Amino acid sequence: MSVLKSIFGQDVDTTSSTYLGKPTSRVDGPAKVTGGAKYAAEFNVPNLLYGYIVSSGAARGTIRSINAAEVEQVSGVVKVFTHDNAPKTAYLDRSHRDQIAPDSGSPFRPLYQAELEYSFQPVALVVADSFEAARYAASLVKVEYDLKPHETDLRANLGKAHPPTDTRAGYVSAPKKPRGTPDEAYAAAAHKVEAEYSQPIEFHLPMESYASTAAYGEDGKLTIYQKTQGVQNCQEYVCSVFGLSSGDVQVISPYMGGGFGSGLRPTYDIYLSVLAATALKRSVRVSMTRQQMFSFSHRPEAIQHLKLAAREDGMLDSVTHTAIEETSQNEEYLETVVNWSGLMYNCPNVRLDHQLVNLDLASPADMRAPGAVTGLYAYECAVDELAYQAKMDPLAFREKNYAEKDQNADKIFSSKELREAYRQAAARFGWKDRPLEPRSMKKGSDLIGWGMASGSWEAMQGKAAAKLVLTADGKLLASSATSDIGTGTYTVMTMIAAEFSGVAIEDVTFQLGDSSMVYSPVEGGSWTVSSVGSAVKTVCGELRARLFKLAGKVDGAPLGDATIEDLTFANGAMHVTGNPVRNVTYTEALRAGKLDRLELDTTELPQLAKQATHALYSHSSVFAEVSVDEDLGTIHVNRVVSAIAGGRILNPKTARSQIMGAIVWGISMALEEEGMLDDHVGRFMNHNYAEYHIPVAADIHDIEVIFVPEHDEVVNPLGAKGLGEIGMVGVAAAVTNAVWHATGKRVRSLPVTLDKLL
Amino acid sequence: MINFSYSRAGSVAEAVGAKGKADGAGRFIAGGTNLVDLLKENVERPCAVIDISRLPLKTIEEAPDGGLRLGALATNADTAYHPEVQRRYPALSRAILAGASAQLRNMATNGGNLLQRTRCYYFYDVALPCNKRQPGSGCPAIKGQNRVCGVLGTSDDCIATHPSDMCIALAALEAAVRVSGPRGERTIPFAEFHTLPGHTPDIENTLAPDEIITAIDLPPSPYAGHSVYTKVRDRASYAFALVSVAALLDLDGDTIKSARVALGGVAHKPWRLPEAEALLTGKTATKENFLPVAQALFAGAHGYEHNFFKIELGKRAVVRALQLAARGTAAIKGVNGQTADA
């Protein structure tokens, strides 16, 4: 345990609870490493047909012809679907909007019209009796286009930037009016920074490609095995688009090989599999190629302009932050980019602006810490620049301007241990020895630099439900229609259910990923523990109350006149606290009630009255060391220390993995990732894992994660803020700030590749 | 289905015969690390696939002239870790280990390494034109995403690079490629093996369609004590070279008796310029003397929108490689003087 303490800081909660706070291995680990875990493309059903997607080679224009009839003659081919012959789906855009879609706009509809919307969009689906036949026939599909000019270059189209006209749940638009007088404060300030930061399009690229196996039942009902972060979102979408009733569509997704936001909205493979299955009255599988994984969602390119100013004493006095992002022609993808800059540090004068440019690209989509990663990359770099202008250590600058409340909303934080996160991470890193001047540290032909940044993410909670079934053998089955995108949902929900039901963890099973289960929102935004976990906790409380009532019927009344508050629930039994002999097992309680099972479910809602008066955020404090080859510009991130203030940490083991993965991704964003768009052809060219770079093992060195204790009774009944996003926020800025400290060169466009340092 | 015949050659003569019969539409397969990818991408569509992986060409043995003979079917991994390769041709060992991944090197063969195709993005995307893939269709890379493309010896038809690391060391070592065909055996000097794109970028080497590589001969080398392979890339492993340099020095004290420099990542073939190397003969091994070599090597370079930097980077890499070579093979850990190997 001493080792764990040093890794996890002081927060490893080993005493006050049975399971929560203790490092717990994944309950789904054995299934995953033995191949027992089945993914969407692995569900085999009898007489399955295989759909292979043909992608557009052009960005804009009209499809003149597709040789579908000719390809249908190929042996094994059952049907070639195109916009010409695809069955009609719902007419109204509204019917195509899923839970995550912008409130208006026209969601992309595959095989809907001759007009192209972007390069690599699906233009045909070849369905055959084998994957090989479908794939071969797809290679014979010839699409002829009447081309039209396309626009995919954000910088060339900045003149078309406009404020968003749409809205979306979770999107916080930039304040309409500035706070204070940012221009006057800027003009009068002693220290100033004005700079533009850009970041390219990045892709989610989970290892598992999207796939949809639509099993067509004898009764015409569909069971769809789907890679998705939201089975119920998919089910509603399919019903709405295809006019099916909810009882006739079941969406199942027990495992997911990574999502990162790309599976929050239904992907076009499900549209195509259902289209083909319902038209042919056959079971159909549609899966995407690796190249097609670059064709439906991305983190939008962003060009950001920042003006910051501080007074002589280093007090931040003016912030102007404008972010321009691209979106598709058919939808306004909305993420909260600039508001963080009015939140992170105390500042009386703030102007924030978020604008969009419509381009001939697929709609962007939420990608890990959407908006925050983008906005705070630029802002935290600019803050670093300003601190240096003021000749202040960047950590001291942040501590001096520490925000004790959320000035955007004028609310106090429900909890905020960022100051402690700074202290612990800085101590661990050895930050106090950092020279203020860049190019001060050298080792051989390498320049060494230290940089830091901080980050923030919302601690959200949504409506969610959980169901329990306790059986006479003392086993507990808990469920909710959430998903486990690799984050450890199965494990943490099992832990929560065991903790609050009093059933031993080995007797608890948690199930998810089935649209027929009780309600869950999509898994995203770091809100699954908060939303679904809270529902599990609440329903477990109800279970204890029911069991306590039943225990009164047990012969001899072992619990006497004890109230429920007098009892301890553990190991499948309840006993009078301090007197374990006076106990009733759950099995005995069920028997006394003449029940072979106890079933109950509950829907948990956020305690809005309590939450509304507070600002609910997690925070990060990230420190990085880089070495830069002075002649060749190659950069190595030698070490990263990140301290996270994320509320109560329920499973330190998976929590640490999650933050480590996020740090790796932050390094990736800083140094490697770039969707290389050829604007002449309007197409991404590095559409594979060899050329779209993400870190390999040799790129990643020491990573240390610290969890700073935070007690929070406002965010949700568990006090856990969620960790999916926060680990990535600030990492790219910490790394690029370290590159500056090493080289003296501010590279303000990501990724920081070696050519930018020559 | 795209049907192709698959045959397993029992002898070199059988392999050559089968290839000749396929009349340019046949492909040998050994490790398959490049060919299988290209088949999946519909870039290669052979009518005959001839499996040569069982031919007895896997040995690494002493050559009659005191050099070393590398079997065409010896794997890249076996070659890189062969004690005689490591001892006598350390730049070759390091170049191989700087490429691909351990898994790929375990499969990839020496002959296949020479014949691997470019990694130009446009070559791989059959929705777009490419003169190399489809002669006469055009080269969108010239105005497109050309970070991975060449700056030396390019043409108006093609600016692709040869992606090999191994070949850069082989060029510097002046290896010879032994080939066999219906007209008997012949030896192709390494400098004459790969070709520049010119107007025929689909032709990448001087191997005839009915010939097979049987071995690579390494001549005796005086450079073992001062041999390096410097590879500059966008991540620490599993990335093709932006620029790479094989640098070999034969030193008498501080004085350079002879030097060899070959460049990768910059051209359609491993790039050498003997006149530039000659600048070092008789000079002392100092940065001042290395700079003119770098200048000379890139004197004719022509950059494109996304790869201009390779000209400056290449010069710096040449100087770095020569500096490291001067320090001595033993003093250098891994590629670029750093510890990461692959």
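As the structure is a prediction and not an experimental result, all values here were calculated from the model. Throughout, protein chains are lettered first and strands after them, A, B, ... in sequence-line order, and every chain is numbered starting at 1.
By the 4.5 Å heavy-atom criterion applied to side chains, B:Tyr124 and A:His687 are not counted as neighbours. A:Asp755 has its side chain out of reach of B:Leu313: every pair of non-hydrogen atoms, C-beta onward, lies at least 4.5 Å apart. Two residues are said to be in side-chain contact when any heavy atoms from C-beta on lie closer than 4.5 Å; A:Asp678 and B:Tyr121 fail this criterion. A heavy-atom distance below 4.5 Å is not found between the side chains of B:Val319 and A:Asp631. Residues A:Thr753 and B:Phe309 fail the side-chain proximity criterion, which asks for heavy atoms closer than 4.5 Å. For the pair B:Pro140 and A:Arg683, the minimum side-chain heavy-atom distance is 4.5 Å or more.
Atom-to-atom distance recorded for A:Leu632:CG and B:Thr230:OG1 is 7.5 Å, nearest 0.5 angstrom. Annotation: the span from A:Gln291 atom CD to B:Glu41 atom CD amounts to 4.5 Å, rounded to 0.5 Å. Taking OG from A:Ser445 and CZ from B:Arg320, the interatomic distance works out to 4.0 Å, rounded to the nearest 0.5 Å. The line from CE of A:Met685 to SG of B:Cys120 is 7.5 Å long, rounded to the nearest 0.5 Å. Note that the CD atom of B:Gln145 and the CG atom of A:Asn686 stand 7.0 Å from one another [nearest 0.5 Å]. How far CZ of B:Arg235 is from CD1 of A:Ile635: 15.0 Å, rounded to the nearest 0.5 Å.
Of the atoms belonging to B:Lys40, heavy atoms from both backbone and side chain fall under 4.5 Å from chain A. B:Arg147 touches chain A through its side chain: at least one heavy atom from C-beta onward sits under 4.5 Å away, while N, CA, C and O do not. For A:Glu132, the parts lying near chain B are the backbone and the side chain together; criterion is any non-hydrogen pair under 4.5 Å. For a residue to count as touching a neighbouring chain, one of its non-hydrogen atoms must lie under 4.5 Å from one of that chain's; by this rule B:Asp234 touches chain A with backbone and side chain alike. When heavy atoms are compared at a cutoff of 4.5 Å, B:Tyr122 approaches chain A by way of both its backbone and its side chain. With a threshold of 4.5 angstrom between heavy atoms, A:Glu674 does not approach chain B through any atom at all. For A:His680, the part lying near chain B is the side chain, with the backbone staying farther off; criterion is any non-hydrogen pair under 4.5 Å.
Counting heavy-atom pairs closer than 4.5 Å to chain B, the top residue among A:Asn688, A:Leu677, A:Val74 is A:Leu677. Of the listed residues B:His306, B:Arg119, B:Glu312, B:Lys143, the one with more heavy-atom pairs under 4.5 angstrom with chain A than any other is B:Lys143.
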side-chain contact (heavy atoms from CB on, under 4.5 Å) between B:Tyr238 and A:His693, intermediate numbers included
CA-CA 9 Å; B:Tyr238 199 59; A:His693 282 183; over 6 Å; no
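Within 6.0 Å of NZ in A:Lys148 there are more than 12 heavy atoms belonging to other residues, nucleotides or ligands. Counting heavy-atom neighbours within 6.0 Å of B:Asp156 CG, excluding the residue itself, gives a total of 12 or less. Within a 6.0 Å sphere centred on OH of A:Tyr145, other residues, nucleotides and ligands contribute more than 12 heavy atoms.
What you find for B:Ala127 and A:Gly57 is that their closest heavy atoms are CB-CA, 4.0 Å.
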